[in-house]
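Following: one structure in structure tokens, then a few remarks.
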Number of protein chains: 2
Amino acid sequence: MLSVATNSSMFVRPPMPTRTAGLPDGPLALMGAPMRFARNAEVYGEDEPAEYLYQVISGAVRTYRMLDDGRRQVVAFYLPGDIFGVEAGDVHLSSAEAVSEAQVLVAKRSAVLARAEREKQLSRQLWDLMVRELQRVQQHSFVLIKSAEERVAGFLLEMAGRSSGGASIELPMSRQDIADYLGLTIETVSRTFTQFVQSGLISLETSRRIQFRDRAALNRLNA
Amino acid sequence: MLSVATNSSMFVRPPMPTRTAGLPDGPLALMGAPMRFARNAEVYGEDEPAEYLYQVISGAVRTYRMLDDGRRQVVAFYLPGDIFGVEAGDVHLSSAEAVSEAQVLVAKRSAVLARAEREKQLSRQLWDLMVRELQRVQQHSFVLIKSAEERVAGFLLEMAGRSSGGASIELPMSRQDIADYLGLTIETVSRTFTQFVQSGLISLETSRRIQFRDRAALNRLNA
DNA sequence: CGCTGAATTGACGGACATCAAGATGTGTGG
DNA sequence: CCACACATCTTGATGTCCGTCAATTCAGCG
């Protein structure tokens, strides 16, 4: 009934991730190894045991789940600094893939949790992380009951807010990714973009580079 | 554009909640006071500081958020045994109301968290609770991208699974509640129910009492 | 260049919202 | 216990947003 992740070549099994030179750590004191993932490379898969926590160093990562009819629901996009993989119990309920070439810090979950038992501050950070993740997902289901126009406007503002960019942002993900995130089709996303361009809300340098022209109007749509 | 929580009288400010005789505790060792809430009484409101954790003893509770245009999104229903209020950071992002007359155990959040710092087991329970809540919300956004038929089927099965009933269950919530939970209109929910009745999947003793006649078929719809 | 995947645009149909009326159920006061 | 008022639920007729199918344009890369 909607948004199938078509195009088999989009999901070609990618080359093995390889270790890369170390990079400085983020806000949370994760002790882990930096790894490099090619575009569309799998970080972890649905139903795999959840042994690690992850932090994006560069690039972007998407998590998603498949419905048995082939539809794909993108649960979240993670950008540099973001930590992911916390939502899992013993096994992952979603898969994670690199949206673009990405470096990801990988830390053993058991090690982090063990250390959290001794360090109150770390424990607190993990809890806050969990709360934020929960609120993000709630916000997401909030988005899914809105109109296409509202969803896309909300998406652009969300990305703008997280990309710490100025009047223009570079989207790392394809229209198909956006569509599956918003519960729309690629065509509807595309049409909404051009509609926004025609109304002077944004303009497109390339299909992935967005210039904001009337943020107030977008905010109004983001009811 | 959809599912407005109409009918002002539905939200008439209810009588003050009053304390009630104590009741035995649930799985999580919450030390709190049982309170009684009338139908539609507010347990907590959006933007209020989150000072407590809650566990349903009897009845049912819904959490929801309002869009500024009057649409309402029901985030979750909580049944006896369920703990709610964990999703909050410092303030609540959603409101909670009794769906029906309800008894709720109310425990000071700070006390629980303080005790969790000493008792590993409690800390672990809270973490698991958080994980389950996160997965529930993810599951919910999963539901919102499906067809009306699939959503309603999924809802009935979810309720059946949680109500620990046999071949028939009593829904504590109105069609409006269901509609706002599923991101549909009251009419679509109603029509889907009658469609299920006509196809012999369920039957209705009263509008709120559902008899399951063909669970396999419902499961098939719950793709 | 030409090839391939990504994005855009158009025509059309269907699922669900909207608007409106009727049916059923429930609480209240005489 | 009945009758009235009001809320909830159901059913019908119509409209519209967005999905589907299909063709075209655009961008990147060998």
Side-chain angles (χ1 to χ4, degrees), chain A residues 1-12 39-40 67 69-72 99-101 143-152 170-180 182-198 202-210 221, chain B residues 1-12 38-40 69-72 99-101 143-152 170-180 182-198 202-210 221:
Chain A
M1 157 244 177
L2 58 88
S3 61
V4 179
T6 40
N7 247 323
S8 55
S9 67
M10 182 174 173
F11 293 106
V12 162
R39 205 155 102 75
N40 296 329
L67 282 78
D69 61 359
R71 284 178 285 169
R72 184 182 68 154
V99 170
S100 55
E101 174 94 11
V143 166
L144 295 178
I145 68 168
K146 303 196 203 177
S147 70
E149 207 179 33
E150 294 170 314
R151 294 187 218 192
V152 174
E170 175 83 21
L171 298 177
M173 70 289 287
S174 69
R175 295 287 189 270
Q176 184 67 61
D177 286 331
I178 298 173
D180 290 348
L182 298 179
L184 298 170
T185 59
I186 187 175
E187 293 95 333
T188 299
V189 171
S190 186
R191 272 188 256 271
T192 308
F193 270 75
T194 56
Q195 181 190 323
F196 283 172
V197 170
Q198 285 165 358
I202 60 172
S203 58
L204 301 179
E205 295 183 40
T206 77
S207 66
R208 302 229 178 158
R209 174 155 281 280
I210 315 287
L221 283 178
Chain B
M1 156 243 179
L2 58 86
S3 62
V4 178
T6 40
N7 248 323
S8 55
S9 66
M10 183 176 173
F11 292 107
V12 162
R39 205 155 102 75
N40 296 329
D69 60 0
R71 282 177 285 170
R72 185 182 69 153
V99 171
S100 55
E101 175 96 10
V143 166
L144 295 178
I145 69 168
K146 303 196 202 174
S147 71
E149 208 179 33
E150 292 171 316
R151 294 187 220 191
V152 174
E170 176 84 20
L171 298 177
M173 71 289 287
S174 69
R175 295 287 190 269
Q176 184 67 62
D177 285 331
I178 299 172
D180 290 348
L182 297 180
L184 298 170
T185 59
I186 188 177
E187 292 96 332
T188 299
V189 171
S190 186
R191 272 187 256 269
T192 307
F193 270 77
T194 55
Q195 180 191 323
F196 284 171
V197 170
Q198 285 165 356
I202 61 173
S203 59
L204 301 178
E205 295 184 37
T206 76
S207 66
R208 300 221 178 167
R209 174 154 280 282
I210 315 288
L221 283 179

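Proteins come first, then strands; the chains are lettered A, B, ... in the order of their sequence lines, and each starts at number 1. Model, not experiment: these values are computed from the prediction.
Side-chain contact check for B/E150 and B/S147: at least one donor-acceptor pair (N or O, by modelled atom type) lies under 3.5 Å.
Between the side chain of A/R151 and the main chain of A/G183, a donor-acceptor pair closer than 3.5 Å is present. Using a distance-only test at 3.5 Å, with no hydrogens or angles considered, a donor-acceptor pair links the side chain of A/R208 to the main chain of A/P172.
Between A/Q195 atom CD and C/dA7 atom P the separation is 19 Å, expressed in whole Å. Atom CZ in B/R39 sits roughly 11 Å away from atom C1' in C/dG27 (whole-Å rounding). Distance NZ (B/K146) to P (D/dG19): 17 Å, rounded to an integer number of Å. For the pair B/E170 CD and C/dG25 P, the computed distance is 14 Å after rounding to whole Å. Rounded to whole Å, atom P of C/dA7 lies 12 Å from atom CG of A/D180. Residue A/R208 contributes atom CZ, which lies 15 Å from atom P of C/dG5 at whole-angstrom precision. Counting to the nearest Å, the P atom of D/dC9 and the CD atom of B/E205 are 16 Å from each other. The CD atom of B/Q176 sits 12 Å away from the P atom of C/dA17 (whole-angstrom rounding).
For A/A148, counting side-chain heavy atoms from C-beta on, the closest listed nucleotide (D/dT8, D/dC18, C/dT18) is D/dC18.
Ion pair B/R175/B/D180 not flagged as a salt bridge, since none of the NZ, NE, NH1 or NH2 atoms sits closer than 4.0 Å to an Asp/Glu carboxylate oxygen. Under a 4.0 Å N-O distance rule, the pair B/K146/A/D69 does not qualify as a salt bridge.
A search for side chain to side chain contact (heavy atoms under 4.5 Å, CB included) contacts involving B/R209 returns B/S168, B/E170, B/E205, B/T206, not counting sequence neighbours. Residues passing the side-chain hydrogen bond (donor to acceptor under 3.5 Å, both in side chains) test with A/S203 are A/R213, sequence neighbours excluded.
Phosphate contact (OP1/OP2 of D/dT8, side-chain N/O of B/S174, threshold under 4.0 Å): absent.
When the nearest nucleotides of DNA chain D are assigned to A/E149 and A/T206 by heavy-atom distance, the more 5′-ward of the two goes with A/E149.
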Atom pairs, protein N/O to nucleotides 8-12 of chain C N/O, distance under 3.5 Å:
residue: C/dT8; atom: OP1; partner: A/R175; partner atom: NH2; Å: 3.0
residue: C/dT8; atom: OP2; partner: A/R175; partner atom: NE; Å: 2.7
residue: C/dT8; atom: OP2; partner: A/S190; partner atom: OG; Å: 2.7
residue: C/dT8; atom: O5'; partner: A/S190; partner atom: OG; Å: 2.9
residue: C/dT9; atom: OP2; partner: A/T194; partner atom: OG1; Å: 3.4
residue: C/dG10; atom: N7; partner: A/R191; partner atom: NH1; Å: 2.8
residue: C/dG10; atom: O6; partner: A/R191; partner atom: NH2; Å: 3.3

